[in-house]
2 protein chains.
Amino acid sequence: IQSTEIRDVTVGDLMISSEKVAHVQTQNPLEHALLVLVKTGYSAVPVLNAQSHFKGIVSKTMIIDSILGIERFEVEKLSQSTVQEVMDSEVPTLHRDDGFMKALKLAINHPFICVVDENGYFDGILTRRAILKKLNRHLHE
Amino acid sequence: IQSTEIRDVTVGDLMISSEKVAHVQTQNPLEHALLVLVKTGYSAVPVLNAQSHFKGIVSKTMIIDSILGIERFEVEKLSQSTVQEVMDSEVPTLHRDDGFMKALKLAINHPFICVVDENGYFDGILTRRAILKKLNRHLHE
Ligand SMILES: Nc1ncnc2c1ncn2[C@@H]1O[C@@H]2COP(=O)(O)O[C@H]3[C@@H](O)[C@H](n4cnc5c(N)ncnc54)O[C@@H]3COP(=O)(O)O[C@H]2[C@H]1O
Ligand SMILES: Nc1ncnc2c1ncn2[C@@H]1O[C@@H]2COP(=O)(O)O[C@H]3[C@@H](O)[C@H](n4cnc5c(N)ncnc54)O[C@@H]3COP(=O)(O)O[C@H]2[C@H]1O
């Protein structure tokens, strides 16, 4: 097995570019975000601001947690709150020139990692699936 | 890199055993299943029958999809429908003696794979995280 080969692979080689990534915006009401998540079937998606800067990720769990009251689901909150109020903004990011090993280490604890450019613009995502596919091919060589 | 080493690893070496896995039962109302998913924070969990046989998996998306009407979330359906009516029963499974390469291949398309014994009893789950951790260690040797 050529261990050098896999170290030459970059995030840019494996990522899904931004135009193919479902995302929502910071100012969107939770109702819109939940519908995007339910329609796409994804557990979580990236959050951008109006200028396409990467701001964080939002998941179904974050939204449902925020409307789950003591007695019932407070469905009216879906139209009253925005993505910015429930999203997680403290998530690691990668640059497309970063190496495979750095990405693999992050993927241990993150189903996907957002890729941003030097100005903080959203560039795409790197998924566990892409990493596992690469490793599976690598181990069969 | 010793490629033989990783091929000697079995599902049993990496899996999370059943007593540490959150799960629900086929006859549970959707409301109970959604609360388990929200409380644990997991996107999906295994479904067992009353005899602890593995029956499938249920996800937040499956539950929310089933209560999402044209105009609103039909929250009353959460107490009227059961897990069995919305779960996915056609999922691949593994045996604890199966090899790492077979598990890696399945993990490309599945965030976790349920492990069952020869009688169909639920034995545990193998997660993408466990596989990635192993591969990360393997590539650093
Ligand atoms: N529509 C679909 N068709 C086929 N397979 C599907 C699918 N939706 C989900 N999956 C499968 O389920 C895995 C977990 O999806 P999840 O939505 O929890 O977690 C996803 C989701 O939160 C996010 N993601 C993936 N692709 C995305 C996209 N195009 N736009 C936005 N977010 C995406 O990255 C996470 C990891 O994705 P990954 O591909 O590694 O792993 C995916 C993939 O193997
Ligand atoms: N409470 C928590 N603490 C720390 N990290 C957490 C966490 N909950 C989720 N994560 C992280 O998020 C990943 C995706 O979780 P998800 O719930 O979508 O998807 C999970 C979930 O559906 C299921 N799962 C994992 N552990 C489970 C358990 N003990 N019981 C039931 N289901 C479990 O297997 C999928 C893949 O799990 P994996 O560990 O590879 O990957 C997990 C893990 O890296």
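No experiment lies behind these values; they were computed from the predicted model shown.
A 6.0 Å sphere centred on CD of B:E90 holds no more than 12 heavy atoms belonging to other residues, nucleotides or ligands.
Under a hydrophobic-cluster definition in which Ile, Leu, Val, Met, Phe, Trp and Tyr are linked whenever side-chain heavy atoms come within less than 4.5 Å, directly or via other members, A:M101 and A:V115 are assigned to the same cluster. Both A:V75 and A:M62 sit in one connected hydrophobic cluster of ILVMFWY residues. Membership requires side-chain heavy atoms under 4.5 Å apart, directly or through other members.
Between B:I64 and A:I64, the closest side-chain pair of non-hydrogen atoms falls below 4.5 Å. At a threshold of 4.5 Å between non-hydrogen side-chain atoms, the residues B:L135 and A:I131 do not count as touching.
Taking CG from B:L106 and CG from A:N136, the interatomic distance works out to 10.0 Å, rounded to the nearest 0.5 Å. Taken from CG in B:L104 to CG in A:L132, the straight-line distance is 6.0 Å, to the nearest 0.5 Å. The distance from the NZ atom of B:K133 to the CG atom of A:N109 is 8.0 Å, given to the nearest 0.5 Å.
Scanning residues 14-38 of chain A against chain B with a 4.5 Å heavy-atom cutoff picks out A:L34, A:L35, A:V38, ordered by number.
Here B:R128 is the residue among B:R128, B:H110, B:K39, B:K105 with the most heavy-atom pairs under 4.5 Å with chain A. Of all the listed residues (A:T61, A:I108, A:T127), the one sharing the greatest number of non-hydrogen pairs under 4.5 Å with chain B is A:I108.
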